[in-house]
2 protein chains.
Amino acid sequence: MNQELAIQTIQRKSLHLELVECLQRLIIGGDLAPGSKVPEKELCAQFGVSRTPLREALKVLASDGLIKLEPNRGAWVTLVTVSEVEEVFPVLGALEALSGELACKSISDDEITGVRALHEQMLHAYESRDLDSYFSINQKIHRAILLAARNDTLATSCQALSLRMQRARYLANMTEGRWHYAVQEHEKIMEYLADRNGKMLAETLLAHMDAKRLSVVQWLETQDRTADHT
Amino acid sequence: MNQELAIQTIQRKSLHLELVECLQRLIIGGDLAPGSKVPEKELCAQFGVSRTPLREALKVLASDGLIKLEPNRGAWVTLVTVSEVEEVFPVLGALEALSGELACKSISDDEITGVRALHEQMLHAYESRDLDSYFSINQKIHRAILLAARNDTLATSCQALSLRMQRARYLANMTEGRWHYAVQEHEKIMEYLADRNGKMLAETLLAHMDAKRLSVVQWLETQDRTADHT
DNA sequence: TGACTAAATTATGAATTCAAAATTACGTTG
DNA sequence: CAACGTAATTTTGAATTCATAATTTAGTCA
């Protein structure tokens, strides 16, 4: 009926949802540092909103584990602890493995071409040791596989856990050795995806996550040790 | 210092969290039927709270997928659709499989005894064809395995997805044949858990979830067909 | 009667207000 | 001057208020 009129259904999303996304960005970008207090008043002023929608957003973020609400004491950005990392990565591994398996069943040739393009870009980023680009493209690859799995529930769950692991830039202990190894893992991921070999892709993604877990844990332990000596 | 004084730290949880739990119960209990509108005003009156904390709870439930917020039109209990079931069960399967694997690594002898007791109870419920008890004990078993996995993140994720699949009582198509088969599956689950055979337990739980998925989908399709004929 | 329009009503989204709790500032005393 | 206790201030949690959007009702005209 209104096919040509409905060029775009301007779905003005609710204020609290926009705030959820803004705050997520602030948290994973490190503008709101792990362990720090969420400055409610300041954020209201900054975004030009009242406390009501901001507080709604905080409840949602708390249920996602990005912040912690202390009764009568306010909201705090959660810390990335070793025990949390040891918890989250296995779950993320299982979910990514599933996403690989499902993706192999549904991914189109065009999508594989797209992932390959990203993969090449990532190799360039690696060669020029551009960590920021590397991270960003890396994420896009994982996201592309996730989308190819055609399972929104899976995507949402993965996304939520992934965010929790991205709370701080420094989370990756990208030594030259680890980085090289990660790139090799991605070569395999690319290969198995192109072959639509679900079993092997799942296995590789699981191993990839476990290696990442180890790398992050080691990094955190170095950090802790450093902190102790102050 | 205050070891004997701190008999219980009365952690008065915030109002919105209590409401989240109440609403979850109302939804999975069917008091708020799938597809129906969430009666904001009524619930406020019923719980004796203002709209602010109730609406905070609604945002959280929406992010969990139990309700859907339509801008300017209010909150609606989400429907359990075939496509959602087809999405959620594979994810739940992967998570339960992981929980089985982890549980086998950490579960204590006492816990196994506890699960066995529940298992026996469940068999009794099956023999007397007490579906309500059966369901309830069944859940406790899965929950016990989940707890034995010692991974709160995993438990929370599982719990959230599990709730979404419990929105309606009628979700299980418990024909005599299916029921019998489910009990057999549980026998295997019990056996592998007692043997601490993580690999096989994971495999069995995955298959268990898949069988459940099929059963639920079949039931939903019957329902749809019935609805069409009205 | 049935379709359309306009007014009245209601529900929603978000700002504001208010009471209670926590924190800070301040003054007192040993 | 340090430790404690009290008052002032700020922050938080939740109720209330208010503007706007959606729905319902009433009324008009074909």
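Everything numeric in this text was worked out from a predicted model, so none of it was measured. By convention in this document, chain letters (A, B, ...) are assigned in the order of the sequence lines, proteins followed by strands, and residues within each chain are numbered from 1.
Ring orientation note: the planes of A:W179 and A:Y134 are nearly perpendicular, at an angle over 60° on the 30°/60° scale. Using bins of under 30°, 30° to 60° and over 60° for the plane-to-plane angle, the ring pair A:H142/A:H208 lands in the parallel bin.
Residue B:T52 places none of its side-chain N or O atoms closer than 4.0 Å to OP1 or OP2 of D:dA14.
Residue A:E56 contributes atom CD, which lies 14 Å from atom P of D:dA15 at whole-angstrom precision. Rounded to a whole Å, the CH2 atom of A:W76 is 12 Å from the C1' atom of D:dT11. Look at NE2 on B:H16: it is 15 Å from P on D:dT12, rounded to the nearest Å. The CG-P distance, from B:L54 to C:dA14, rounds to 16 Å in whole Å. We find that CD of A:E42 is positioned 16 Å from C1' of D:dT12, with the value rounded to whole Å.
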Listing time: all N or O pairs from protein to nucleotides 11-13 of chain C that are below 3.5 Å?
| unit_1 | atom_1 | unit_2 | atom_2 | d |
| --- | --- | --- | --- | --- |
| C:dA11 | OP2 | B:K41 | NZ | 3.3 |
| C:dT12 | OP1 | B:K37 | NZ | 2.7 |
| C:dG13 | OP1 | B:N72 | N | 3.1 |
| C:dG13 | OP2 | B:R55 | NH1 | 2.8 |
| C:dG13 | OP2 | B:R55 | NH2 | 3.3 |
| C:dG13 | N7 | B:R51 | NH2 | 2.9 |
| C:dG13 | O6 | B:R51 | NH1 | 3.0 |

Taking only N/O atoms, report every protein-nucleotides 5-7 of chain C pair under 3.5 Å with atom names and distance.
none

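A 4.5 Å side-chain heavy-atom check between A:V60 and A:L19 finds every atom pair outside the cut-off. No side-chain heavy atom of B:V77 sits less than 4.5 Å from a side-chain heavy atom of B:L66.
Residues that satisfy the salt bridge (charged side-chain N to carboxylate O under 4.0 Å, His left out) test with B:R150, not counting sequence neighbours, are B:E111. In this structure, the salt bridge (charged side-chain N to carboxylate O under 4.0 Å, His left out) partners of A:D210, at least two apart in sequence or on a different chain, are A:R213.
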Using a 3.5 Å cut-off and no angle test, enumerate the donor-acceptor pairs between side-chain atoms of residues 155-163 of chain B and protein atoms at least two apart in sequence or in another chain.
| unit_1 | atom_1 | unit_2 | atom_2 | d |
| --- | --- | --- | --- | --- |
| B:T156 | OG1 | B:D152 | O | 2.8 |
| B:S157 | OG | B:T153 | O | 3.0 |
| B:Q159 | OE1 | B:R143 | NH1 | 3.2 |
| B:S162 | OG | B:Q166 | NE2 | 3.1 |

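Sequence neighbours left out, the pairs with a member in residues 74-83 of chain A that pass side-chain hydrogen bond (donor to acceptor under 3.5 Å, both in side chains) are A:T78-A:R167, A:T81-A:S83.
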